[in-house]
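Report on the structure given below.
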Amino acid sequence: MADPKGFMTTPRQDWPRRPVEERVRDWDEVYVPGALLPIISKQADRCMDCGVPFCHHACPLGNLIPEWNDLVSREDWRAASDRLHATNNFPEFTGRLCPAPCEAGCVLAINQPAVTIKNVECAIADRAWEEGFTPPRPPDRLSGRTVAVIGSGPTGLAAAQQLTRAGHTVAVYERDDRPGGLMRYGIPAFKMEKRHLERRLEQMRAEGTKFRTSTAVGRDVRADELRTRYDAVVVATGATAWRELPVPGRELAGIHQAMEYLPPANRVGEGDLERSPVSAAGRHVVIVGGGDTGADCLGTAVREGAASVTQLDIYGLPGAERDEDTEPWPTYPKIYRLSAAHEEARDLGTAPSANADARLFAASTLRFTGDADGRVRALHLVEVDALRRPLPGTERTLPAELVLLALGFTGPDRHDGLIDQLGLAMDPRGTIARDAGFATNVPGVFAAGDAARGQSLIVWAIAEGRAVAAAVDRHLTGGTRLHAPIGPYDRPMTA
């Protein structure tokens, strides 16, 4: 512990964001460049070096948080990078995209603002790249075994990197034209610039991982053929089957799923398109769904120049503090949080009919109505109670020329034929069934990530990738030295 009184003398200070008026005019990350390193050593000093660090348990990766906090406070960046990468393949991803359940489990958070664990993690990862602490780590020798990984999201990438470093020959199959999964085309660049992803992919290529893009397993290549060509197959396709909103008027033009809206916007940033075909520019936009994907749609619509943007959340307005009776420490609480996108909407006044940050809480969609040409023009909603029952006399109408459905995902998409061609068994939730060793009912085929777990967080996705890699390595060689942070049935802490 570098400063045994740091948690008492130093207040929490987060990575500052750029002014709203500046950042909404571009697609760069929202944070002030270079503003993190000057504050992070003092923030790391706030770590209490707990005898029982619950941040370890709140993080499915088992990140060694007190250890690298201490190293950062001493400005030993190389050792901090080594400790961080010992449990996390992609800390620059989680440092930007993870909602930080580790901070909810921080012991200091019992009665003070938590240690800025996520910011420290991001600072270590960025400094590691700047100083050259993360060179490619190709294996000393090859095992002669081959593995196909289907899907290049965080689970697939983590599994592929671990298996490549263990000496196996790994090919990653991705249906899109570039690897990265939702990190590529689902996550807007203002949350994580794509250069961070490209840097890791180049590292993986240098280590020996092969990427087969624009290849939809099940359509472009049969899944059962992969099974015969490789010694093992890892299905890490994610949960891409989106939830629908079966209300009157859903068939009107101008109503899109979030994943029909966000990828074209990201492709504009990649230079593939001059303008998105689903652009929000000049339109009154309503986003149905109060989660992170809805917030991504909000920030994107603001940058595209929407006439107004409103986000509907069926849950009631959460409180500013955790409810100790229902969500006691160290569980991850549902409290009021102001994301960068909501801050932008608040400051710009994008939703005059909604609350200050563009969200309408406890709001349920009743129906859509449109014009004579069959295009959506209005969304009709009603307020609901805690049990989602409509409250009489609370119906409202919002102008809506573009409606985005951000209602989450139910499981893997079965339209490409992959699941049926392999003959994979499914569980009652609609996800791929697996045993305690991540193995499916088909010998040599393993399932990991959201395709088997269900929709979850990026930190759980990476943990799944590391754990399934250990299981595959054991299957191929009879043993493994790879880190397996979780089992397939582990879940986040709850009360």
Arg346/Asp357 salt bridge by N-O under 4.0 Å criterion
no
I'd like to know if Glu202 pairs up with Arg205 as an ion pair, taking the criterion as any Lys NZ or Arg NE/NH1/NH2 lying under 4.0 Å from an Asp or Glu carboxylate oxygen.
yes
Could you give the side-chain donor-acceptor pairs of residues 436-445 under 3.5 Å, partners two or more places apart or in another chain?
residue: Thr440; atom: OG1; partner: Val442; partner atom: N; Å: 3.1
residue: Thr440; atom: OG1; partner: Val442; partner atom: O; Å: 3.4
residue: Thr440; atom: OG1; partner: Val445; partner atom: O; Å: 2.9
residue: Asn441; atom: OD1; partner: Ala425; partner atom: N; Å: 2.8
residue: Asn441; atom: ND2; partner: Gly423; partner atom: O; Å: 3.0

Pairs flagged by salt bridge (charged side-chain N to carboxylate O under 4.0 Å, His left out) wherever residues 403-427 is involved - sequence neighbours left out:
Arg414-Asp420, Asp427-Arg429
Those residues that, when tested against Ser152, pass side-chain hydrogen bond (donor to acceptor under 3.5 Å, both in side chains) (two or more places apart)
Glu174
Distance-only side-chain donor-acceptor flag, Gln161 / Gln203, under 3.5 Å:
yes
Qualifying salt bridge (charged side-chain N to carboxylate O under 4.0 Å, His left out) pairs, either residue in residues 392-402, two or more places apart
none
Rounded to the nearest 0.5 angstrom, the CZ-CG distance for Arg267 and Leu262 is 13.0 Å
Do Glu121 and Thr94 get their side chains close enough for a donor-acceptor pair, meaning under 3.5 Å?
yes
Considering only residues two or more places apart or on different chains, which pairs with a residue in residues 277-287 satisfy salt bridge (charged side-chain N to carboxylate O under 4.0 Å, His left out)?
none
Give the table of side-chain donor-acceptor pairs shorter than 3.5 Å for residues 26-34, with sequence neighbours excluded, one pair per line with atom names and distance.
residue: Asp26; atom: OD1; partner: Arg18; partner atom: NH2; Å: 2.8
residue: Asp26; atom: OD1; partner: Asp28; partner atom: N; Å: 3.1
residue: Asp26; atom: OD2; partner: Arg18; partner atom: NH1; Å: 2.9
residue: Glu29; atom: OE1; partner: Arg96; partner atom: NE; Å: 3.1
residue: Glu29; atom: OE2; partner: Arg96; partner atom: NE; Å: 3.1
residue: Glu29; atom: OE2; partner: Glu193; partner atom: N; Å: 2.9
residue: Glu29; atom: OE2; partner: His196; partner atom: NE2; Å: 2.9

Pairing residues for Glu270 by the side-chain hydrogen bond (donor to acceptor under 3.5 Å, both in side chains) criterion, not counting sequence neighbours:
Arg184
Thr293 side, atom OG1; Leu298 side, atom CG - distance, nearest 0.5 Å:
12.5 Å
Look at Arg434 together with Glu464 and state whether they make a salt bridge at an N to O cut-off of under 4.0 Å.
yes
With sequence neighbours left out, which residue pairs that include part of residues 314-344 fulfil the ring pair (Phe, Tyr, Trp, His ring centres under 6.0 Å) condition?
Phe54-Trp329
Would you say Gln162 and Asn89 make side-chain contact, with heavy atoms under 4.5 Å?
yes
Non-neighbouring partners of Asp176 that pass side-chain hydrogen bond (donor to acceptor under 3.5 Å, both in side chains), sequence neighbours left out:
none
Donor-acceptor side-chain pairing of Gln455 and Asp450 below 3.5 angstrom:
no
According to salt bridge (charged side-chain N to carboxylate O under 4.0 Å, His left out), who are the partners of Asp385, at least two apart in sequence or on a separate chain?
Arg389
So which pairs with a foot in residues 367-424 pass ring pair (Phe, Tyr, Trp, His ring centres under 6.0 Å), sequence neighbours left out?
none
Does a salt bridge link Arg23 with Glu343, judged by any charged N lying under 4.0 Å from a carboxylate O?
yes
Side chains of Thr87 and Asn63: donor-acceptor distance under 3.5 Å anywhere?
yes
Going by ring pair (Phe, Tyr, Trp, His ring centres under 6.0 Å), name the residues that satisfy it together with Tyr261, two or more places apart in sequence or in a different chain.
none
Decide, yes or no, whether a salt bridge links Arg12 with Glu103 under the criterion of side-chain N to carboxylate O below 4.0 Å.
yes
